[in-house]
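See below for the structure under consideration.
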Amino acid sequence: MPEGPSLYILKEQTARFVGQTIVRAEGNTWAIDTTRLLDQPVLALRTWGKQFFIQMPTMVVRIHMLLFGTYRINEERDKPPRLSLHFADGSFLNFYACSVKEVDCELDALYDWEADVMSDAWNPKKARKKLRAAPDMLACDALLDQEIFSGVGNIIKNEVLFRIRLHPLSTVGALPPAKLRALVEQARQYSFDFLAWKKEFTLKKHWLAHNQKTCPRCHIPFHKANLGRSNRRTFWCERCQKLYQ
DNA sequence: TGGAATGTTGGAAC
DNA sequence: CGTTCCAACATTCC
């Protein structure tokens, strides 16, 4: 569920709730008082990277799916919902095993919307500028930095690095300008490929590096290790992916 | 079947 | 005081 494109799908599927009023709110969340949601109209549903915001007149609730979060629309699961919102027309939206919290209403001041790779506001020039300002950062960490590439997760990281033939331990400052540009371009492009494949339920089938044993390009075994400050699982080909440092 | 994983946070430890 | 490390959360898959 949790990378940016999946949240984009969530936003699409829940657009029908914008403008509706919450007539019942419950769930096992401990972080907010669900009675405060009662009788509030949903003013907007937004995403920033992997986060989902429910904007109401007097509060904004943030949902983060973390690793295991799920949701259902007009459908129950066999697990208790973390947050369940029922609307005047009888429809409902349930979230499970996610993080729920109230955030400051000033969303525009809190988040850099130009950093969201799924957003119309995505600003590749600004992303390159942020990268140039962090020359010591490793490529594998840069892609997971939500301030630069909001919405990119570990799958997208591995696939982008493989696609642009960049070694995960390359330092950002050592990248030739064309490679830096490709990194930024593909962070967005792969995210939209991810979105299309996710919608047709063929995402895993299209993985070239993530969770793979052998390089599909040169057929030698992939390396697999937890790399970088982020210490996340990384798959790469020592032959195809060039190291810059 | 135990362990790891599409992720983040907060607090302890240094 | 800054940074780094680690547990916690909770579900699915192999």
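In what follows, chains are A, B, ... by sequence order, proteins preceding strands, each numbered from 1.
Side-chain atoms of A:Glu238 do not come within 3.5 Å of backbone N or O of A:His223 as any donor-acceptor pair.
Residues A:Asp116 and A:Ser150 have side chains that never bring a donor and an acceptor to within less than 3.5 angstrom of each other. When only modelled atom types and interatomic distance are considered, A:Ser91 and A:Arg16 share no side-chain donor-acceptor pair under 3.5 Å. Residues A:Arg82 and A:Asn28 have side chains that bring a donor and an acceptor to within less than 3.5 angstrom of each other.
Here A:Arg232 does not reach the OP1 or OP2 of B:dT8: none of its side-chain N or O atoms lies under 4.0 Å away. Under 4.0 angstrom from either OP1 or OP2 of C:dC9 there lies no side-chain N or O belonging to A:Arg82. Contact annotation: A:His64 side-chain N/O to B:dG7 OP1/OP2 distance is not under 4.0 Å. Neither OP1 nor OP2 of B:dT8 sits under 4.0 Å from any side-chain N or O of A:Arg62. Between A:Arg77 and C:dT11 there is no side-chain polar atom (N or O) within less than 4.0 angstrom of OP1 or OP2. A close approach under 4.0 Å does occur between a side-chain nitrogen or oxygen of A:Lys50 and OP1 or OP2 of B:dT8.
Nucleotides C:dC1 and B:dT9 have their P atoms positioned 23 Å apart, rounded to a whole Å. Here, B:dT1 and C:dA10 have their P atoms 24 Å apart, quoted to the whole Å. Taking the P atoms as reference points, C:dA7 lies 14 Å from B:dG3, given to the whole Å.
Here A:Phe162 and A:Phe222 bring their ring centres to under 6.0 angstrom of each other.
Taking atom CG on A:Leu10 and atom P on B:dT6, their separation rounds to 21 Å, with Å as the unit. Residue A:Asn158 contributes atom CG, which lies 12 Å from atom C1' of B:dA5 at whole-angstrom precision. Between the CG atom of A:Leu144 and the C1' atom of B:dA5 there is a distance of 14 Å, given to the nearest Å.
Here the nucleotide nearest the side chain of A:Lys79, chosen from C:dC9, C:dT12, C:dT3, is C:dT12. Comparing C:dT3, C:dA10, B:dT6 against the side chain of A:Trp30 picks out C:dA10 as the nearest. When distances are taken from the side chain of A:Pro2 to each of C:dT4, C:dT11, B:dG7, the shortest belongs to B:dG7. With distances taken from any side-chain atom of A:Asn154 to the nucleotides C:dT12, B:dG7, B:dA5, the minimum falls on B:dG7.
The partner of C:dC14 is B:dG2, judged by Watson-Crick or G-U wobble contacts that both fall below 3.5 Å. Across all strands shown, B:dG7 forms a Watson-Crick or G-U wobble pair with C:dC9, both key distances being under 3.5 Å.
Of the two residues near DNA chain C, A:Lys204 and A:Cys98, the one whose nearest nucleotide lies more 5' is A:Cys98.
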